[in-house]
Amino acid sequence: MDPLFDRINVRDLLSGHDLSDPSTPLSAPDLRLIISRLESHSLHIKSKVRSYLLSHREDFASLFSQCNEAVSKTNEISDNVSGILSLISDRPIDVEIRKLVDEIGRTTKEAREKRELLGLLKIIVGICEKLEGARSAFSDGRLRFAAEEVKELKKALRIGDEEEGEPIVYGLLRKQWADLFDEMQDLFSKFMENAVRFEQDSRTIRVKYKLCVDKMDGIELHTVMEAMDVAGILDYSLAKAADLIIKHAITPAVSYGSPVMFAEDVNQGSEGISEAVLKILPSQDCKIVDVDGDAIYARVIQVIKFIFKHICFENGSWIRSFGRLTWPRISDIIISKFLSKVVPEDASKLVDFQKIVKCTSEFEFSLKEMMFISASDGKDYRLSNFSENVEVHFAFRKKTEILGKARNLLLQCDFSVPQDYTSKGPLLKNDGMAINSPNQVVDLIFSSERCVVSIAASQLMELVHQTLQDVCLSSARVALEFYHAVRDAILLYEAVIPVKLERQLDGINQVAILMYNDCLFLSQEILGLAFEYRTDFPESIKEHAVFADMAPRFHLMAEEILQRQIQIVIFNLREAIDGADGFQNTHQMQQFESAKFSIDQAVFILEKVHIIWEPLLRPSTYKRSMCMVLESVFSRITKDILLLDDLAAEETLQLQRLIHMMLDNLSSLLKSLISAFDSNAKSEEDTSRPIDDLIPSLRKIRKLGELLDMPLKSITSAWESGELMSCGFTILELKDFIRAIFADSTLRKECIWRIENVSLY
């Protein structure tokens, strides 16, 4: 049958034609030919199909028969299912099955509940029997067994882990257990009261090894301790014994004001040790005061060793429990009655306190070896923490005191000057020694001079030196705190004083000069601190102790203050001279009086500065600063006069009069400069120079006063000789001056020509 389903190829139907070109159209004959051949082909296919069906007739018949049988079985199944459904609808069996299952479930649940109740009853009976057994064991003196039973019952009854909805019987059983536990605690407390006693008359602590309580005789103390340990009530049962020992043994041992001593004794019986005794006796030497702590700690160790041996029987767990119970109180007693009373008040005694720190550490190490305190819990090292922190707290407190004292003296200082140093006289004699030497007159380390400083600066450095002396005597930790306190105290001056004196620094007064001296003094003192103390510093801070970095700050501050003061003076002088209106028309009375007032005002300012500066400043600084101020005054007046372009004869005389009057009024000031040169001739190189060299405009203004009434030829001769040039005159100034004074003439032209020609060579 496969060839029947092959595709029909048109080319096969028209094999006689050229169909290679798909665009070639088919003619009508071609189409008819194709139709004819397709019909022939169709008939051929039908013939083939018929032949195939006839040849396979039996196969097709069998296939149709199987299909008919399958349909019949399907109908039969459908009828059966319909019958079942009809049967179920008439009798609901699923309901009966469900009832049966529910009944089986109820029966099973009832059986399970009965088994659980039976198990619970067995547990309750067992607990009751254990409770009765434990109570009976206590009565019989079987303490360890009873304690173990109580411990197991605690787990069985889930004490402390109760849940809601539990049977009521559990609450009743827990109450019975709690009653039994209370009875047990009371019993063990009675045993310990019987075991450890203090006899007031003989001041003796007795520890009995054989105990008798509530008709129970001959109970070993060791057995009682074991039972208490098993029951987990060591802390509770030892509480009264601990109180007794702390009160009657530990407290007297720590009270170093009235020292005691301890004597141990053991009473040996036929069956072994019957009791141990610790006698508390007064010290043989009542004058001994244990400030080093060795004896105090030795007595405490003796008491604890007695406990360790005769009460805890050298059991680490028991002594640890006793330690947890008593150590917080013992350490508080040692701190309050001993350590806090030997805290040094002075840094020089901190070195001695290190001995106490060392023996305190050794004391706690001994307690750790006995397991009286924990080896891992840092909280147990309370004494070491306190003793080690004592010097830190001491250092911090002292640092706070130092800074507070420094701040107070800086804030309270009024920057007043001693009455002896407000006169015009120099601070130093010619031999360099001060007339008087109060605290405010200080030596400069790196200078042969002295200066007056404020009380604040003087006391601040006294405080610094005292603190650095303490640094040399202190431990490394304290020394470091003191070192920082020194630096901070010095820097407080920079932080406090400029703010406090800001307004006063804007005027001409003694405060600014004192502050300049303070900064200069502090800068030099700071530079000398390391040289003076470093060798005695503790080794650990020698490398870190630096002071030189602060010195430039104060030196710079000093120069800024001085320059600011000089500029304020110069500004005030310029304002005064501005009132002269350039010294014009001084031949007129009103203008002359105005110019004279300006000169007097300038002289007044200079005298004020002289009165303030000379007693307080170093001679070299006074000389340098005053020369700078005078130079600004003289140069300004000289410049104003030389700028006048037309001077009458009377005007020149008035100007000359003003110059002479000013120089006469400043004669004492100029003499003070010469005195400053002489008193400090070796301090600086320029002190040997004439005053006219240090104030160039002084020579010029003097010569100007001479020129105002000098003939023209004399002026020309003075220029030709070089005298005027040496006084600071320039050729332009001289020519303008000649033109302003002398009228135009042949002589004036000749003199100007001579002056110009001289200037060419």
Side-chain angles (χ1 to χ4, degrees), residues 291-292 339-358 360-361 384-413 439 442-443 445 453-497 518-519 521-554 557:
V291 295
D292 60 353
L339 290 178
S340 62
K341 293 184 178 181
V342 295
V343 173
E345 295 293 333
D346 189 80
S348 60
K349 297 180 180 179
L350 278 175
V351 175
D352 296 334
F353 190 77
Q354 292 301 310
K355 298 177 182 178
I356 295 178
V357 174
K358 181 180 178 182
T360 300
S361 177
S384 293
N385 292 335
F386 179 86
S387 60
E388 290 173 1
N389 288 333
V390 159
E391 65 174 12
V392 175
H393 295 319
F394 167 80
F396 180 77
R397 184 179 72 246
K398 293 295 289 184
K399 179 180 178 180
T400 304
E401 291 177 1
I402 292 168
L403 294 179
K405 187 175 181 180
R407 181 178 291 277
N408 288 336
L409 65 89
L410 290 174
L411 291 175
Q412 295 171 6
C413 179
N439 292 336
V442 296
D443 293 309
I445 297 178
V453 298
S454 67
I455 289 291
S458 176
Q459 293 181 348
L460 177 63
M461 286 313 302
E462 289 180 5
L463 180 63
V464 166
H465 285 289
Q466 292 173 2
T467 306
L468 289 177
Q469 290 171 5
D470 290 340
V471 170
C472 299
L473 300 175
S474 302
S475 64
R477 297 170 69 181
V478 176
L480 186 61
E481 289 294 326
F482 282 179
Y483 159 70
H484 288 299
V486 167
R487 287 183 59 92
D488 293 344
I490 294 173
L491 293 176
L492 271 177
Y493 187 98
E494 181 185 16
V496 173
I497 298 303
D518 285 356
C519 293
F521 168 64
L522 291 175
S523 68
Q524 295 204 12
E525 285 290 314
I526 289 169
L527 286 174
L529 292 178
F531 297 101
E532 186 173 357
Y533 295 103
R534 184 186 294 274
T535 55
D536 297 326
F537 281 171
E539 291 294 332
S540 59
I541 70 167
K542 282 184 178 180
E543 298 179 358
H544 306 287
V546 178
F547 299 101
D549 61 307
M550 296 188 293
R553 300 169 65 169
F554 285 93
M557 193 187 334

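Numbering starts at 1 and runs along the sequence shown.
Remark: Arg553 engages Glu494 in a salt bridge, criterion side-chain N to carboxylate O under 4.0 Å.
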**OP:** Quick one: do Asp549 and Arg487 satisfy salt bridge (Lys or Arg N to Asp or Glu O under 4.0 Å)? Show the steps, please.
**Re:** CA-CA 10 Å; Asp549 61 307; Arg487 287 183 59 92; 2.9 Å; yes

**OP:** Go through the steps to decide whether Lys399 and Thr467 satisfy the test side-chain contact (heavy atoms from CB on, under 4.5 Å), and finish with yes or no.
**Re:** CA-CA 9 Å; Lys399 179 180 178 180; Thr467 306; over 6 Å; no

**OP:** Starting from the C-alpha separation in whole Å, work towards a yes-or-no answer on side-chain contact (heavy atoms from CB on, under 4.5 Å) for Thr400 and Arg397.
**Re:** CA-CA 5 Å; Thr400 304; Arg397 184 179 72 246; 5.7 Å; no

**OP:** With side-chain contact (heavy atoms from CB on, under 4.5 Å) as the test, would you mind laying out the steps for Val546 and Leu529 before giving the verdict?
**Re:** CA-CA 9 Å; Val546 178; Leu529 292 178; over 6 Å; no

Subject >> Asp536 and Leu473: CA distance, side-chain angles, deciding distance, side-chain contact (heavy atoms from CB on, under 4.5 Å) verdict >> reply: CA-CA 8 Å; Asp536 297 326; Leu473 300 175; over 6 Å; no

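Phe521 has its side chain out of reach of Phe554: every pair of non-hydrogen atoms, C-beta onward, lies at least 4.5 Å apart. Counting heavy atoms from C-beta on, the side chains of Ile497 and Asp518 never come closer than 4.5 Å. Within the 4.5 Å cutoff, the side chain of Ser540 has no heavy atoms near those of the Leu480 side chain. Counting only heavy atoms from C-beta outward, the side chains of Leu411 and Val496 approach each other to under 4.5 Å. A heavy-atom distance below 4.5 Å is not found between the side chains of Thr360 and Val357.
In this structure, Cys413 and Ile455 approach most closely via the heavy-atom pair SG-N, 4.2 Å. Residue Ala485 comes nearest to Leu403 through the heavy atom pair O-CD2, 3.6 Å, listed as atom of the first residue, atom of the second, then distance. Across every non-hydrogen atom of Asp443 and Glu525, the tightest pair is O-OE2, 4.1 Å. Contact record, Leu460 with Ala489: CD1-O, 3.7 Å, taken as the closest heavy-atom pair.
Between Phe547 and Tyr483, the ring-plane angle classifies as perpendicular under the 30° and 60° cut-offs.
Ser361 places no side-chain N or O within donor-acceptor distance of the main-chain N or O of Lys358, the cut-off being under 3.5 Å.
A distance of 9.5 Å separates CG of Leu409 from CD of Glu462, quoted to the nearest 0.5 Å. Summarising the geometry, atom OH belonging to Tyr493 is positioned 7.5 Å from atom CE belonging to Met557; distances are rounded to the nearest 0.5 Å. Atoms CG and CZ, on Leu468 and Arg534 in that order, are 11.5 Å from each other to the nearest 0.5 Å. Rounding to the nearest 0.5 angstrom, the gap separating the CD1 atom in Ile541 from the CZ atom in Arg477 is 14.0 Å. Distance NZ/Lys405 to CD/Gln466: 5.5 Å, rounded to 0.5 Å. Going from atom CD1 of Ile445 over to atom CD of Glu532 covers 7.0 Å, rounded to the nearest 0.5 Å.
For residues 522-541, the pairs satisfying ring-ring contact (aromatic ring centres under 6.0 Å, His included) are His465-Tyr533, with sequence neighbours left out.
Residue Lys542 places its NZ atom among more than 12 non-hydrogen atoms of other residues, nucleotides or ligands, all under 6.0 Å distant.
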